[in-house]
K.L.:
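Before we start, here is the structure in question, set down as structure tokens.
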Number of protein chains: 2
Amino acid sequence: MPMATHAGERKTGRTPLSRERVLRAAMALADEHDIEAVSMRKLAQELGVDPMSLYNHVTNKEDLLGGMVDLVVDEIDLMPVDDGDWKGALRAQVLAARQTMLRHPWARGVLEARTDSSPTIMRYFDAVAGIFRSGGVSIDLMHHALHTIGSRVLGFNQELFDDSNTFDQGPEVIALMAHQMAAEYPNLSEMMLQISHDETTVVGSGCDDTFEFEFALDLLLDGIERLHHAAS
Amino acid sequence: MPMATHAGERKTGRTPLSRERVLRAAMALADEHDIEAVSMRKLAQELGVDPMSLYNHVTNKEDLLGGMVDLVVDEIDLMPVDDGDWKGALRAQVLAARQTMLRHPWARGVLEARTDSSPTIMRYFDAVAGIFRSGGVSIDLMHHALHTIGSRVLGFNQELFDDSNTFDQGPEVIALMAHQMAAEYPNLSEMMLQISHDETTVVGSGCDDTFEFEFALDLLLDGIERLHHAAS
DNA sequence: ACCTGAACACCGTTCAAGT
DNA sequence: ACCTGAACACCGTTCAAGT
């Protein structure tokens, strides 16, 4: 005797669609195959559903991307406010954001393309602002500081100058490349040569990125702290 | 008696296609209607040509975008190296880049999406590196500095925290918004309130962006200079 | 209320054919 | 050598129809 098919358990017994389920699936797809793999059609296929069914839970693709990014930002651990050390708390907060973004590299491009920010993102920025305020940083300085730190507040290493691939090579390969470039790009080739010889700097590109990120972050925080002290 | 139709002057008398002409047309299209208006098909239509004809002068869309961006970077004025004031020269160079990028706002997204950098871009970075070297900045510090300045070297104001739209509103509108947000985003609403009252800060969003850009740039340059002096 | 399929208006690009 | 048109494999989304 066949069981009665009641709502929520159609002939396939598959869990019904929901915004949550759609967004989670999209996030998994992006994590695994990068953002260009996330099309409405492929996502639907992944969920075993007609492409048009997605539109019952997401108004359009922009909404989908926004929801995905909110999921990521919600994943960032919020650091406790430490009245005695706003700089340390802020540093920890930004590094926490970076950890999350490293797990979801596609989020950067989506966030930068977004035009209006969601409540989730506002909440994160409000938390960061709270850290500044806990240290008595003036609103005006905090405002400029937020602009200055830029997308690094969310843990992005905003580099156009990405030489991490270069330094994946062995020193002798780099030396060869550097000599070939010497005529046209004398300064860059000089830089490549020296850095490839300096073993303490080159410890694998993953570590390098972390070093450069913290170097930049500390330079920014030190500068902001200096202005804060000068003002008080 | 009909004129003979010779090469270069087909029945329409239109100038023949060339890489240069394709790239210039694409740039004009992007300048006027933003980057999403630049499709192979629309570009071909703009040129009065079959879409497939473009592929004789451009290997694919990626090549097209790369060529467009090279055109932009080539537009940046290169500042003379000033041995006595590397910081001032660098500042001037970055602000020159910013002027160019303001004329071609679409270039930022294309540049950030690019994976490998062209000779044109390498030449620009080499010029920037030359400015550092002219001031005797060590290669190691210069390397970190380039990573720290990040995409700002090319004049981008890398802001996720874009409140320029907000401050386009009148003070009373902002005050209303701030009060509505107060419960959920106490720190941000406090910031909005104060900034909207401070008339010297809000002089139109265009000017604001310039101020924030220079504020961030100077903070970075001052930090780098401090490290440079500490090392020597 | 939720899901579906056909259809529309777009993409970039391959390939064989024209001149 | 350069250009063309038809065709292919994709997009996001509207709309009318199903349950």
Side-chain angles (χ1 to χ4, degrees), chain A residues 2-26 29-30 33-69 106 109-110 113-115, chain B residues 2-26 29-30 33-69 106 109-110 113-115:
Chain A
M3 298 183 72
T5 64
H6 41 63
E9 188 202 356
R10 302 294 294 257
K11 37 189 173 312
T12 61
R14 202 164 16 248
T15 49
L17 234 43
S18 70
R19 180 164 232 264
E20 174 80 10
R21 223 162 80 77
V22 169
L23 294 181
R24 291 278 166 208
L29 208 52
H33 298 108
D34 212 347
I35 195 68
E36 87 273 356
V38 181
S39 72
M40 299 301 273
R41 294 164 119 106
K42 284 192 200 141
L43 179 55
Q45 194 178 352
E46 199 78 9
L47 286 160
V49 119
D50 186 278
M52 288 311 107
S53 302
L54 301 176
Y55 286 85
N56 290 306
H57 305 93
V58 131
T59 70
N60 50 28
K61 181 141 192 201
E62 195 189 335
D63 182 37
L64 174 77
L65 293 173
M68 292 168 67
V69 140
W106 49 269
V110 179
R114 282 196 76 60
T115 156
Chain B
M3 298 182 73
T5 65
H6 42 66
E9 190 203 353
R10 302 294 295 258
K11 38 188 173 311
T12 60
R14 203 162 17 248
T15 49
L17 234 43
S18 71
R19 180 164 231 265
E20 174 80 9
R21 224 163 79 78
V22 168
L23 295 181
R24 290 280 165 206
L29 208 52
H33 298 108
D34 212 347
I35 194 68
E36 87 271 357
V38 180
S39 72
M40 299 301 274
R41 294 165 119 106
K42 283 190 201 143
L43 178 55
Q45 194 179 352
E46 200 77 10
L47 286 160
V49 121
D50 186 278
M52 288 312 105
S53 301
L54 300 176
Y55 286 85
N56 290 307
H57 305 94
V58 129
T59 70
N60 52 27
K61 179 139 191 200
E62 195 189 334
D63 183 35
L64 175 76
L65 292 173
M68 291 168 66
V69 141
W106 50 268
V110 178
R114 282 196 77 60
T115 158

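So that the names make sense, note that chain A is the first sequence line, chain B the second, and so on, each numbered from 1.
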K.L.:
Do L43(B) and L47(B) make a side-chain contact, defined as non-hydrogen atoms from C-beta onward lying under 4.5 Å apart?
P.N.:
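Result yes, sub-4.5 Å side-chain heavy-atom pair found.
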K.L.:
If I take atom CD in residue Q45(A) and atom P in nucleotide dA9(D), what distance separates them, rounded to the nearest angstrom?
P.N.:
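Those two atoms, CD and P, are 15 Å apart.
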K.L.:
Among residues 50-62 of chain A, which ones have heavy-atom contacts with DNA chain C below 4.0 Å?
P.N.:
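Only D50(A), M52(A), S53(A), N56(A), H57(A) qualify.
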K.L.:
Looking only at atom types and distance, does a side-chain atom of D34(B) sit under 3.5 Å from a main-chain N or O of E36(B), one as donor and one as acceptor?
P.N.:
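Absent.
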K.L.:
Let me know the distance between CD1 of I35(A) and P of dC11(D), rounded to the nearest Å.
P.N.:
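Nearest whole value for this atom pair: 13 Å.
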K.L.:
Once side-chain hydrogen bond (donor to acceptor under 3.5 Å, both in side chains) is applied, do any residues pair with D63(B), and if so which ones, sequence neighbours excluded?
P.N.:
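D63(B) satisfies side-chain hydrogen bond (donor to acceptor under 3.5 Å, both in side chains) with R19(B) once adjacent residues are dropped.
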K.L.:
Mind checking what makes side-chain hydrogen bond (donor to acceptor under 3.5 Å, both in side chains) contact with N60(A), not counting sequence neighbours?
P.N.:
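Residues passing side-chain hydrogen bond (donor to acceptor under 3.5 Å, both in side chains) with N60(A): none at all.
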K.L.:
Counting side-chain heavy atoms from CB outward, which of dA7(D), dT4(D), dG12(D) is closest to S39(A)?
P.N.:
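The listed nucleotide nearest to S39(A)'s side chain is dG12(D).
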K.L.:
Should K42(A) be listed as having a side-chain N or O under 4.0 Å from OP1 or OP2 of dC11(D)?
P.N.:
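K42(A) to dC11(D) OP1/OP2: side-chain N or O found under 4.0 Å.
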K.L.:
Heavy atoms, side chains only, cut-off 4.5 Å: are V49(B) and L17(B) in contact?
P.N.:
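A side-chain contact under 4.5 Å exists here.
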K.L.:
For R19(A) and dA1(C), what is the distance between atoms CZ and C1' respectively, to the nearest whole Å?
P.N.:
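Going from CZ in R19(A) over to C1' in dA1(C) covers 17 Å.
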K.L.:
By nearest nucleotide on DNA chain C, pick out whichever of A37(B) and R41(A) is the more 5' one.
P.N.:
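Between the two, 5'-proximity favours R41(A).
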K.L.:
Going through the distances and angles, do L64(B) and L54(B) end up as a side chain to side chain contact (heavy atoms under 4.5 Å, CB included)?
P.N.:
CA-CA 9 Å; L64(B) 175 76; L54(B) 300 176; over 6 Å; no
K.L.:
Measure the spacing between CG of L29(B) and CE of M68(B) and express it to the nearest 0.5 Å.
P.N.:
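CE of M68(B) is found 7.5 Å from CG of L29(B).
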K.L.:
side-chain hydrogen bond (donor to acceptor under 3.5 Å, both in side chains) with R114(A): which residues, sequence neighbours excluded?
P.N.:
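For R114(A) there are no side-chain hydrogen bond (donor to acceptor under 3.5 Å, both in side chains) partners, ignoring immediate neighbours.
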K.L.:
Write down the distance between CG (L43(A)) and P (dC10(D)), rounded to a whole number of angstrom.
P.N.:
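One finds 17 Å between P of dC10(D) and CG of L43(A), rounded.
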K.L.:
Could you tell me which residues satisfy side-chain hydrogen bond (donor to acceptor under 3.5 Å, both in side chains) with E20(A), sequence neighbours excluded, listed by chain and number?
P.N.:
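side-chain hydrogen bond (donor to acceptor under 3.5 Å, both in side chains) list for E20(A), sorted by chain: R24(A).
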K.L.:
Measure CG/L47(A) against P/dC3(C) and give the value in whole Å, please.
P.N.:
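For the pair L47(A) CG and dC3(C) P, the rounded distance is 11 Å.
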K.L.:
How does DNA chain D look in dot-bracket notation if pairs are Watson-Crick or G-U with both distances under 3.5 Å, crossing ones as [ ], other-strand ones as |?
P.N.:
||.|||||...|||||.||
